[in-house]
Protein chains: 2
Amino acid sequence: MSPRERLRVLAQWGVLGTLVGGVCGVASAIFLFLLDEATALRERFPLLVYALPAAGLAVGALYARWGSSIRGGNNLVLDTVHEGDRQIPLRMAPLVLLGTVLTHLFGGSAGREGTAVQMGGSLADAIAHRFRVSADTRRELLAAGIAGGFGSVFGTPIAGAVFGLEVLVVGRLGYEALLPALVAAVVGDLTTRGLGIVHTAYPAPSVLPLTGGVLAKWCVFAVAVAAVAVVFVEGTHRLKKLLEGRIPALPLRMAVGGLAVVGLWKLVGTDMYLGLGVPTLVRAFVDPALPESAFAWKLLFTAVTLGAGFLGGEVTPLFFIGAALGNVLARVLGLPLDLGAAVGMAALFAAAANTPLALTIMAVELVGASVLPHVAIVAALAYLLTGHRGIYPAQRIARLKY
Amino acid sequence: MSPRERLRVLAQWGVLGTLVGGVCGVASAIFLFLLDEATALRERFPLLVYALPAAGLAVGALYARWGSSIRGGNNLVLDTVHEGDRQIPLRMAPLVLLGTVLTHLFGGSAGREGTAVQMGGSLADAIAHRFRVSADTRRELLAAGIAGGFGSVFGTPIAGAVFGLEVLVVGRLGYEALLPALVAAVVGDLTTRGLGIVHTAYPAPSVLPLTGGVLAKWCVFAVAVAAVAVVFVEGTHRLKKLLEGRIPALPLRMAVGGLAVVGLWKLVGTDMYLGLGVPTLVRAFVDPALPESAFAWKLLFTAVTLGAGFLGGEVTPLFFIGAALGNVLARVLGLPLDLGAAVGMAALFAAAANTPLALTIMAVELVGASVLPHVAIVAALAYLLTGHRGIYPAQRIARLKY
């Protein structure tokens, strides 16, 4: 390739990446704004939670009517990257946005990255379609959409870019979409922040020099994180399959799921496992009196919410579960509480999504450099220990982990 | 694979990785200790520099006599990873250590990572041979040796692990050696520190929020970094080819190269471009009066030293060149001086070695989280702009950059 052609390719990626990042950033800003409003409303009027079964019925009906082509969610986006089938319907963006906001308004326990990835993927595919790009370019734009959505929704552009490359296949990270993913994630993040969104600030964990003894503790820690990741992945999948078999109609299934969440809520007698759960997530960094069972309850709430078909993602609940688990493990193993929470938070999602590098970088972007080298060690070990499973079944396995 | 077999594989990697990391860590500690002594001696007796041509003659004779099978250096290690030829001679470790220490004792301008990678590679291959492991396992142990050497010599275990995976091929990062590389780098680093080695402390750069304007500045910055990377890579390669053609005998060639370094030294009238140059590298973070031409002089000193055949690596000189260049660019572009130096330092090596991810993480391990997202953006752009060249010609190209 001549220097001139090379420049043209780079410029094309700059322009397309900026476009994708811009629309992802706007979508994330709208989404985060509505999510904040919905969460604030639900916190002010806890009675709203009683309407979760009805909300499930409504969202289920909406999806049954207009959403059959996009039910695949994150897996549809990943499948399209790999197989390059027909265009991801653009309606995925508004539908998943609306569905997720409703999940949170009524107290369902879910996250944000699924929504961001699906909005980013469908918007990027619309751009690819509009500019009639080649099949390769389209794949790379889809990766950019994932990166732009992820980076802008969490305010972590570099982790977003790496996530867009790393999530596609297990066991290998390809650099073909490096430039578009980076541009989309950086522009997306700038756009979202430019629109006034302020992201959660996490406490910076203690500095702890790595020693042989600390390393041994992290190995035990990683085994526990991997075990919880396996329970989460398998639990959610199996519950989903079970409910799909028993209650084939989506609206009814979601209504029943909503009812179960309401039941769990009344059972535990606290609001802390509803919605995103950011306050408790931050509390896990500092409170040595956090209930030991917090991680298990949040896991149960999330598995029921997502297993029943409610829309949302897994990141924030997994962050909550990981931080609460890390809090408990830190107390048991004699590690700093804040460091345990930070490492648990990132490593659990790394293990569940098979993205150890992206989550190592995300941890640094969220809480600072003192998580290194600890988070990288725990994320890599937990990733290896979970075997060939993950929250995205459409992820391809490029190479077995061992 | 059954859980039991999986545990066996993980345990095997734990043991082999620990072994590789342990020997790499000891080798790095001995090497860094001798390097410190040599540098201190040379600084106390600057007249030693006049003996560089004689040292070149001696080291050249040593390598001509016993080193013909290991002249490939880093490229031999990379070729062995890819082609799995006969064992890397174990003598590479002591010879490259001795040769590099002599380079620095007499003021040659070179680095450390080449030595660390070659010591790590040859020691890891000896372990692979001793345990009669399979061809695949051997490849992964070699990657672990690279990771262990790199991680322990710079005190950056996570960057070392990622470097061991990322340096093998351009355009893809495979996870097959993730566990052994991580174990070797972490154990290697713990061993080196445990033996009393203290690594260079760099100032933590200013916090600078990313904005559109700052992003535009980084794009200009990246173009300059890529241009200097190309000049370094092409300059060193061509000088090497030219000298090999003109002066086939290695001892004579190194003597002439030594003479040229002495001539350059007298010409500039300062010691700052000799040896590793760590004091000036640190000065680039804080001194707005650093000579604008510092990066160019260091480039010239290093190209002559390495082009003539002296032993050592490229990292520390490239860090110096990058930090000095970043210092100047920061002044011109109106960026914080310390951030410019930190970003320039990591991005230049990332571009020259085709390892943007490892160097992004290395920057965080060396100077803290405030280099993010800046360093990742500049490293990735400079990596893309340098095209398909690099300081390690034996690196395979898995996929074109565009």
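Just so it is clear, the values below take in all heavy atoms, side chains as well, and ignore hydrogens, waters and symmetry mates. The sequence lines fix the lettering, A, B, ..., with proteins before strands; numbering per chain opens at 1.
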> Which atoms of B:P209 come close to chain A, meaning under 4.5 Å heavy atom to heavy atom: side chain ones, backbone ones, both, or neither?
Replying inline: neither
> Among B:E166, B:R193, B:H388, which has the most heavy-atom pairs under 4.5 Å with chain A?
Replying inline: B:E166
> Considering only heavy atoms, which portion of B:L179 lies under 4.5 Å from any heavy atom of chain A: side chain, backbone, both, or neither?
Replying inline: both
>> Using a 4.5 angstrom heavy-atom cutoff, name the option from B:L215, B:V162, B:I361, B:L357 with the most pairs to chain A.
In response: B:L357
>> Evaluate A:Y383 against B:L178 for side chain to side chain contact (heavy atoms under 4.5 Å, CB included), listing each step before the verdict.
In response: CA-CA 10 Å; A:Y383 156 84; B:L178 176 63; 3.7 Å; yes
> For B:I377, is it the side chain, the backbone, both, or neither that has a heavy atom closer than 4.5 Å to a heavy atom of chain A?
Replying inline: both
> Given a strict heavy-atom distance threshold of 4.5 Å, which part of B:P373 is in contact with chain A: side chain, backbone, both, or neither?
Replying inline: both
>> Using every non-hydrogen atom in the two residues, find where A:L385 and B:R6 come nearest and quote the distance to one decimal.
In response: O-NH2, 4.2 Å
>> With rounding to the nearest 0.5 angstrom, report the NE2 to CD1 distance, B:H374 to A:I158.
In response: 9.5 Å
> Which atoms of B:E140 come close to chain A, meaning under 4.5 Å heavy atom to heavy atom: side chain ones, backbone ones, both, or neither?
Replying inline: side chain
>> Please evaluate residues B:V170 and A:Y175 with respect to the criterion side chain to side chain contact (heavy atoms under 4.5 Å, CB included), reporting the C-alpha separation (whole Å), side-chain torsions for both, the decisive distance (0.1 Å), and the verdict.
In response: CA-CA 9 Å; B:V170 176; A:Y175 287 29; over 6 Å; no
> Between B:T211 and chain A, which part of the residue has a heavy atom less than 4.5 Å away: side chain, backbone, both or neither?
Replying inline: backbone
>> Please give me the minimum heavy-atom distance between B:L182 and A:A376, naming the atom from each residue.
In response: CD2-O, 4.2 Å
>> Please give me the minimum heavy-atom distance between B:A369 and A:V364, naming the atom from each residue.
In response: CB-CG1, 3.8 Å
> Can you name the closest pair of heavy atoms from B:L384 and A:L10 and give their distance?
Replying inline: CB-CD2, 4.4 Å
